[in-house]
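Basis for what follows: all heavy atoms, side chains included, without hydrogens, waters or symmetry-related copies. Along the sequence shown, the residues carry numbers beginning at 1.
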Amino acid sequence: MNTSPPHPMAALMGVLPRQPGPEPAAVTPTPTLTPAVTSPVTAGPASVIRVELAAEYTAPARARRHTRAALSSWDADQDAVDSAELAVTELVTNAVVHTGTTENVVLTLRRTKSRLRIEVWDHDDRPPVPRCSSPGSTNGRGLAVVAAVADRWSWFPAPAGGKVVWCELSLGCLLGCP
């Protein structure tokens, strides 16, 4: 039983952070989690876009641009785009900052008619650890932010090594829903 106090930002965000856990059985992870070549964002409803990002300070901005382009091509509303960009920024930043490696990370965006799954793979086997930051701290809120904008989040060890941290967001109804 978790007896730790809620994250200080939880009250401000109106949610309590979700605790990481095992990958849900109903969701199939990326079959190959080795870094992939950037998948082009084209006019059309591609259901999976994978982008390999160099683990450097520009990675979160590049990940946001890819996410915005993908969701725009999928006709997602502005609220969904904003939430997805925020989640991607936090997950990619964590992968770059906390892995202690200069090896690439992989961002995967998977969409269905009404959901977006964001996956960030990195080389570090250690699980993500939600932190409680002091009010004046400039870091340590990333997973709480992800928990606030996503419907759920978690992580799993990648079969090829490293880990995948993921979250899912509702996109409303896309691609011909009634």
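In this structure, D125 and G161 approach most closely via the heavy-atom pair OD1-C, 3.8 Å. Scanning both residues, V88 and R64, for their nearest heavy atoms gives CG1-N, 4.2 Å. Pairing each heavy atom of V165 with each of P128, the nearest pair is CG2-CG, 3.9 Å. Taking every heavy atom of both residues into account, S170 and D151 meet most closely at N-OD2, 3.0 Å. Heavy-atom minimum distance, L169 versus A84: CD2-N, 3.8 Å. Smallest separation of non-hydrogen atoms from W166 and W155: NE1-N, 3.7 Å.
For residues 83-100, the salt bridge (charged side-chain N to carboxylate O under 4.0 Å, His left out) pairs, not counting sequence neighbours, are R68-E85.
Expressed to the nearest 0.5 Å, how far CG of L109 lies from OG of S47 amounts to 11.0 Å. How far CG of L107 is from CZ of R62: 10.5 Å, rounded to the nearest 0.5 Å. Note that CH2 of W74 and OG1 of T112 are 10.0 Å apart. Values are rounded to the nearest 0.5 Å. With rounding to the nearest 0.5 angstrom, the CZ atom of R50 is 4.5 Å from the OG1 atom of T108. Between the CG atom in D82 and the CG atom in D77 there is a gap of 9.0 Å [rounded to 0.5 Å].
Formation of a donor-acceptor pair under 3.5 Å by the H66 side chain with backbone atoms of V51 is not found in this model. When atom types are taken as modelled, the side chain of S73 and the backbone of A70 share a donor-acceptor pair closer than 3.5 angstrom.
Here the side chains of T67 and R65 are not in contact, with every heavy-atom distance at 4.5 Å or above. Using a 4.5 Å heavy-atom threshold, the side chains of V120 and V106 count as separate. With a 4.5 Å cut-off on side-chain heavy atoms, N94 and L143 count as touching. In this structure the side chain of R111 reaches within 4.5 angstrom of the side chain of L171, judged on heavy atoms. Using a 4.5 Å cut-off on side-chain heavy atoms (C-beta onward), V105 and W121 make no contact.
Using a cutoff of 4.0 Å between basic side-chain nitrogens and carboxylate oxygens, R117 and E119 are scored as salt-bridged. Using a cut-off of 4.0 Å between Lys/Arg side-chain N and Asp/Glu carboxylate O, K163 and D122 are scored as salt-bridged.
By the salt bridge (Lys or Arg N to Asp or Glu O under 4.0 Å) test, R126 is found to be paired with D124, residues two or more places apart in sequence or in another chain being considered.
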